[in-house]
Amino acid sequence: MGSAVDSLIKRISELKKRRNAIILAHNYQLPEVQDVADFVGDSLELARKAMEVSADVIVFCGVSFMAEMAAVLNPDKIVLHPNPCAGCPLAEFLSPQAVREFRSAVPTAPVVLYVNSLASAKAEADYIVTSSSAAKLISMLEDDEIVFGPDKNLADHVAQATGKRIIVAPPYGHCPVHEHLLNRYYVERALSKYPKATLIAHPETPRDVRSIAKYVGSTSQMLKAIPKFNGKVLLATEEGLAYRAKKMYPERDVEPANPLAVCIDMKKITLIHVARSLELLKHRVAVESSIARKVREVLERSLDLISK
Ligand code: 13P
Ligand code: SF4
């Protein structure tokens, strides 16, 4: 007799066929959710995947701004977010009103927003970037002064990489997981336990962590970097990336720099939520059409620029 988990997985696969659905999952999702997904990736890869799927239904396992992006890119498809309580506290740091205020305070500077922001804020931006495209896109802009938000650590990383003056909107925006649980204290604690290990980091970590990392990049860029290093690799990002890393490189010794660095929002989607979502076609992600249209324009402009 199979376990309850096995029957849930079987149910998900049957429902997926019946609904002609595809499951997309972020690299931080629970292991069992990553395992039922058709595609697992970082924010940029998931947005790209959402643009090319032919399925009628997209079940998006990630936080709400990511599901919103999939809905914006697929106005004619059913995009489901299995648990709408899974938000991103970083995105909440910047309201559309605040974007307008920054723009009028520095009218000559283009406004570039990190994808970890509300759709209503993105609609006010000139460009949208992910952690993997931020430095590249900003270096391609002619302007030397840029308004960037809402993550102060990614803003600092971009300023260091491009030499441009970055006005951070707001100056205190941060991801609580990377800012507080992947700070220098936790990372040094891991390195003192494994002094020979190589540390690689996400750009949402503070500068004093990035400065001792051998590589800084998005979650999927971190995964691609692992084979470049010998011996143990410590991942200074949300702990869920380690599951993906171990699955991709079973022969490698990879560990989270802090196993307590958990994004509780990313873990709010369980297999039960995924099954229910497919069963009831809930919760449908709806982005107001005028906002969705503006976000699509901003995204197209951004993707056009980085693909040059
Ligand atoms: P990535 O685009 O690097 O996957 O980052 C998303 C995120 O939420 C990091 O905390
Ligand atoms: Fe948001 Fe941080 Fe969670 Fe990423 S890890 S989804 S930035 S709260």
Side-chain angles (χ1 to χ4, degrees), residues 24-30 33-34 37 39-50 60-70 81 83-94 113-119 121-122 128-137 148-155 157-158 172-183 186 200-206 209-210 213 215-226 235-245 248 256-269 299 302-303 306:
L24 305 183
H26 185 262
N27 286 324
Y28 295 158
Q29 286 290 293
L30 288 168
V33 174
Q34 293 193 26
F39 182 81
V40 184
D42 69 5
S43 309
L44 184 61
E45 289 171 334
L46 290 168
R48 287 212 153 112
K49 199 75 194 170
F60 202 104
C61 302
V63 289
S64 31
F65 78 82
M66 296 178 177
E68 271 183 353
M69 274 312 271
H81 193 202
N83 186 352
C85 297
C88 169
L90 168 59
E92 299 295 332
F93 273 104
L94 192 60
L113 287 199
Y114 188 23
V115 70
N116 296 40
S117 53
L118 307 172
K122 286 186 185 95
I128 303 168
V129 293
T130 65
S131 53
S132 63
S133 65
K136 183 173 177 193
L137 183 139
F148 181 88
D151 188 62
K152 66 176 174 134
N153 291 319
L154 179 59
H157 175 65
V158 166
Y172 44 84
H174 63 271
C175 158
V177 180
H178 289 83
E179 173 82 355
H180 303 302
L181 298 171
L182 291 155
N183 59 19
Y186 285 110
I200 65 174
H202 194 275
E204 287 175 15
T205 52
V209 167
R210 297 192 317 268
Y215 178 80
V216 178
S218 78
T219 54
S220 287
Q221 287 175 328
M222 288 172 76
L223 289 170
K224 285 185 198 116
I226 291 169
L235 306 175
T237 192
E238 207 272 346
E239 66 80 43
L241 191 68
Y243 176 74
R244 182 94 206 280
M248 282 173 75
N258 181 4
L260 297 178
V262 178
C263 173
I264 48 162
D265 283 281
M266 282 284 183
K267 313 303 193 208
K268 282 179 183 166
I269 296 172
L299 184 70
S302 311
L303 291 176
I306 57 165

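We count ligands from 1, going down the list as the structure has it; atoms in each ligand are counted the same way. Each residue takes its place number in the sequence, starting with 1.
- Of all protein heavy atoms, the one closest to atom 10 (O) of ligand 1 is Glu204 OE1, 2.9 Å.
- With hydrogens left out, the protein atom closest to atom 8 (S) of ligand 2 is Pro89 CD, 3.4 Å, a heavy atom.
- Among the backbone and side-chain atoms of Cys263, an N/O/S atom is found under 2.8 Å from atom 3 (Fe) of ligand 2.
- Nearest to atom 5 (O) of ligand 1 among the protein's heavy atoms is His202 NE2, 3.4 Å.
- Once rounded to the nearest 0.5 Å, the distance linking SG of Cys263 with NZ of Lys268 reads 8.5 Å.
- How far OG of Ser64 is from CG of Leu118: 8.0 Å, rounded to the nearest 0.5 Å.
- Interatomic distance, CG of Asn153 versus SG of Cys175, reported as 9.0 Å (0.5 Å rounding).
- Panel note: side chain Arg210, backbone Thr205; a donor-acceptor pair is recorded below 3.5 Å.
- Interface of Ser131 with ligand 1, defined as ligand atoms under 4.0 Å from a residue heavy atom, comprises 1 (P), 2 (O), 3 (O).
- Taking 2.8 Å as the criterion, Cys175 counts as a coordinating residue of atom 2 (Fe) of ligand 2, since one of its N, O or S atoms falls below it.
- Ligand 2 has no atom lying under 4.0 Å from any heavy atom of Phe65.
- Tested against Leu137, the residues Val129, Thr130, Val158 include a single side-chain contact (heavy atoms from CB on, under 4.5 Å) partner, Val129.
- When the options Ser43, Ala47, Cys175, Gly41 are ranked by their closest heavy atom to atom 6 (C) of ligand 1, first place goes to Ser43.
- Using a 4.0 Å cut-off between charged side-chain N and carboxylate O, Glu45 and Lys224 make a salt bridge.
- For ligand 1, the polar-atom distance check finds an N/O of Thr219 within less than 3.5 Å of one of the ligand's N/O atoms.
- Of all atoms in ligand 1, listed by their number and element, those nearer than 4.0 Å to a heavy atom of Tyr28 are 7 (C), 9 (C), 10 (O).
- Which parts of ligand 1 touch Ser218 is read off a 4.0 Å heavy-atom cut-off, strictly below it: atoms 3 (O).
- Annotation: the span from Thr237 atom OG1 to His178 atom NE2 amounts to 3.0 Å, rounded to 0.5 Å.
- Heavy-atom proximity to Asn116, at under 4.0 Å, picks out these atoms of ligand 2: 7 (S).
- The six-membered or imidazole ring of His180 lies away from that of Tyr186, with a centre-to-centre distance of 6.0 Å or more.
- Between the side chains of Asn116 and Ser43, no donor N or O sits under 3.5 Å from an acceptor N or O.
- Contacts between Asp42 and ligand 1 below 4.0 angstrom, taking non-hydrogen atoms only, involve backbone and side chain alike.
- For His178, every heavy-atom contact with ligand 1 shorter than 4.0 Å involves the side chain, none the backbone.
- Taken from CG in Asn258 to CD in Glu238, the straight-line distance is 10.5 Å, to the nearest 0.5 Å.
- Of all protein heavy atoms, the one closest to atom 1 (Fe) of ligand 2 is Cys88 SG, 2.4 Å.
- Taking atom 8 (O) of ligand 1 as the reference point, the nearest protein heavy-atom neighbour is Asn116 ND2, 3.2 Å.
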